[in-house]
Structure formats: C-alpha cells, structure tokens
Amino acid sequence: LDGLLGDVIDAQNGVRGYIIAGRDEFLEPYLNSTHSINGNMQQIQALLAGNASQPERFAAVEKQIEEQFEQMKRTIEARREQGFEAAAKLVQSGDGKLKTDAIRRNISKIIVFERGRRVEWGAQTAEKERRIVYTLALMAVIDLLVFGVVFYSVLQAWRARNAAQLQTDEDNTTLQAGLDDLFQRNCEMEAQRQMTDMLQAAVSLKESYALVAKFMGRLMPGTQGKVYLQHHSRNMLEVMASWGEPSACAEIFEPLACWA
C-alpha cells in the first residue's frame, strides 16, 4: 500500500516538474509509475481477497487512482499543446490535490483496518492457548496415571504458545515500523504539498527557484544539489537554485560539460 501511494506521488512530482520545465525527461517518474502501478494493485488485490470488506475499500482506491492518472494525463496534454499557463490553471484548480488526499485517506483506513485484524487475531490466538492450558491442567488432576503424557502435551503447548507470541511480537514490530514509515511519508507529502501550494502561488520563476531550493533541503536532508536553467541560446547552463553544503561545481557551464 505504501508503494502504491508512492507511485501516485512520484507520478505527480514528475508531472509537476514537466509543467515547470516543459522537458520530457521530467516525465520519467510518471511513466515508470504508470507501468508499475497495475502490478502493485494486482498484488494488493490478492492479499486482501480473504477479507470481505477490504476489496470494496480497495476498489474505491483503484477508481480514485485511475481518475488521478487521467487528470495528470490531461495536464500533460495541456502543457504540451497549450503551454505553461493552461497546465498551471489545471493544477491551481486543486482537483489533483483533493484526489491525492482522498487516496491517502482511504489507504490509511485499509492499513488501520488490517492492524485491527492483526490485534484481534492475536487476542483470539491467546484465548485459544489459555483454554488449551486449562484443559490440560484439568486432565492432569483427573487422571494422574497419564501424568507423563499430559506433561509432555503441556510442554508442547507451551512451546507453541511461545512461538506464537514471538511471531506476534515480530508482526507487531513490523506493523509499527510500517506505521513509522507511513508517518515519515506523510511528513514528506505534507512538505511536498506546502511546496506545491507555494509554487502555485509564486508570481515569478525567481520566486519558484527560491522555493525549490528551500524545500529540497527538507525533502532530501543531508544531500546537496543544484537546479540549472538552459539559456535560450542552448549553449549555456546557469545555476538557478541550490541546496545543501556549497560545492565546487561551476555556476555556469556549457551543456557538453555536463556529465548527467
């Protein structure tokens, strides 16, 4: 589920980069997500097939994702055929953000529901194990002649209980790690949302570049990078924004000197 949400976010980021720069290479995340998202959805459908209510919830998520990708496709076509202003109007309508928020909420509901199922399953397992222990203890009191057999059975039951508890602890640890990762993703998406909102409100490219430099440091902590703009003459690249520690990279250079 996290990977599915990540595909949607990656596609959005690629489309936004294409809207700003107008260069096809920025669409690579969008194209990759378009190819991988169907496989991810099929895997999730198979995992949720055993639950009566989850497939219906996930069907709603699938529909929302399809609508979101259709919206992104229309935005790309508008940028390609009508230019930046037309595409920017589609983004500023907020429809894409609303769809993404709805997808995020529905995925969160599925995750929370699955967590509840795990907790319920653990409680049921513990209750069954307690009943087994009580039954074995009663049998030991009633029939001392089979004490050895009962003792062996209790020992085996204890081992099974211990193994089940270890598995439950491991599952809980894995679930907590997933929730922590989801929280981190939500923080990153919130930063992306803020950057998107501020970029939409920017009145000039200079202001947009400053916002990119500001938010890239938050989205990619511990890294350094720069955004270059190619001159209209196409024979020179110049730094428009940078983040992280200062580097020795040239502020202006020819395209043939770029190793990227």
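Just so it is clear, the model here is predicted, and its values are computed rather than measured.
L237 has its side chain out of reach of I252: every pair of non-hydrogen atoms, C-beta onward, lies at least 4.5 Å apart. Between M139 and V146 there is no side-chain heavy-atom pair separated by less than 4.5 Å. Residues V227 and M216 fail the side-chain proximity criterion, which asks for heavy atoms closer than 4.5 Å. Residues Y30 and I76 meet the side-chain proximity criterion, which asks for heavy atoms closer than 4.5 Å. Between K226 and V239, the closest side-chain pair of non-hydrogen atoms falls below 4.5 Å. In this structure the side chain of Q71 never reaches within 4.5 angstrom of the side chain of E67, judged on heavy atoms. Counting heavy atoms from C-beta outward, E254 and N235 have side chains that stay 4.5 Å or more apart. With contacts defined as side-chain heavy-atom distances shorter than 4.5 Å, the pair Y18/R80 qualifies.
D10 and P29 get closest at one heavy-atom pair: O-CB, 3.4 Å. Across every non-hydrogen atom of L199 and V212, the tightest pair is CD2-CG2, 4.3 Å. For the pair R79 and A21, the tightest heavy-atom approach, listed with the atom from each and the gap, is NH2-C, 4.0 Å. Here the shortest heavy-atom pairing between A140 and V150 reads CB-CG1, 3.7 Å. For I19 against F84, the heavy-atom pair with the smallest separation is O-CD1, 3.1 Å. Pairing each heavy atom of L27 with each of G14, the nearest pair is CD2-O, 4.2 Å.
Once rounded to the nearest 0.5 Å, the distance linking CG of L219 with CD of Q194 reads 9.5 Å. From E70, atom CD reaches atom CE of M72 across 9.5 Å, with rounding to the nearest 0.5 Å. The structure places OG of S204 at 10.0 Å from OH of Y209, a figure rounded to the nearest 0.5 Å. Here the CD-NZ distance, from Q82 to K89, works out to 9.5 Å after rounding to the nearest 0.5 Å. Here the straight-line distance linking atom CG of N172 with atom CD of Q165 works out to 8.5 Å at 0.5 Å rounding.
A salt bridge links R130 to E127: one of the charged nitrogens lies within less than 4.0 Å of a carboxylate oxygen. One finds no salt bridge joining E77 and R74 here, because no Lys/Arg side-chain nitrogen approaches an Asp/Glu carboxylate oxygen to under 4.0 Å.
Other residues, nucleotides and ligands contribute at most 12 non-hydrogen atoms within 6.0 Å of the CE atom of M220. Other residues, nucleotides and ligands place more than 12 heavy atoms under 6.0 Å from the CD atom of Q200.
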message: Please evaluate residues F151 and L136 with respect to the criterion side chain to side chain contact (heavy atoms under 4.5 Å, CB included), reporting the C-alpha separation (whole Å), side-chain torsions for both, the decisive distance (0.1 Å), and the verdict.
response: CA-CA 8 Å; F151 176 79; L136 293 175; over 6 Å; no
task: Report the C-alpha separation of I9 and Q192 in whole Å, then their side-chain angles, then the decisive distance to 0.1 Å, and conclude whether the side chain to side chain contact (heavy atoms under 4.5 Å, CB included) test is met.
output: CA-CA 9 Å; I9 298 300; Q192 291 174 354; 3.0 Å; yes
task: Give the intermediate values and the outcome of salt bridge (charged side-chain N to carboxylate O under 4.0 Å, His left out) for residues E190 and R193.
output: CA-CA 5 Å; E190 176 61 20; R193 182 193 66 76; 2.4 Å; yes
task: Please lay out, stage by stage, how V15 and F26 fare under the test side chain to side chain contact (heavy atoms under 4.5 Å, CB included).
output: CA-CA 7 Å; V15 172; F26 282 90; over 6 Å; no
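A side-chain donor-acceptor contact under 3.5 Å links E207 to the backbone of V203.
Hydrophobic clustering of Ile, Leu, Val, Met, Phe, Trp and Tyr side chains at less than 4.5 Å, counting indirect connections, unites V8 with L182. Linking Ile, Leu, Val, Met, Phe, Trp and Tyr whenever their side-chain heavy atoms come within less than 4.5 Å leaves I20 and L31 in two separate clusters.
Q176 pairs with exactly one of T174, T173, D180 by the side-chain hydrogen bond (donor to acceptor under 3.5 Å, both in side chains) rule, that one being D180.
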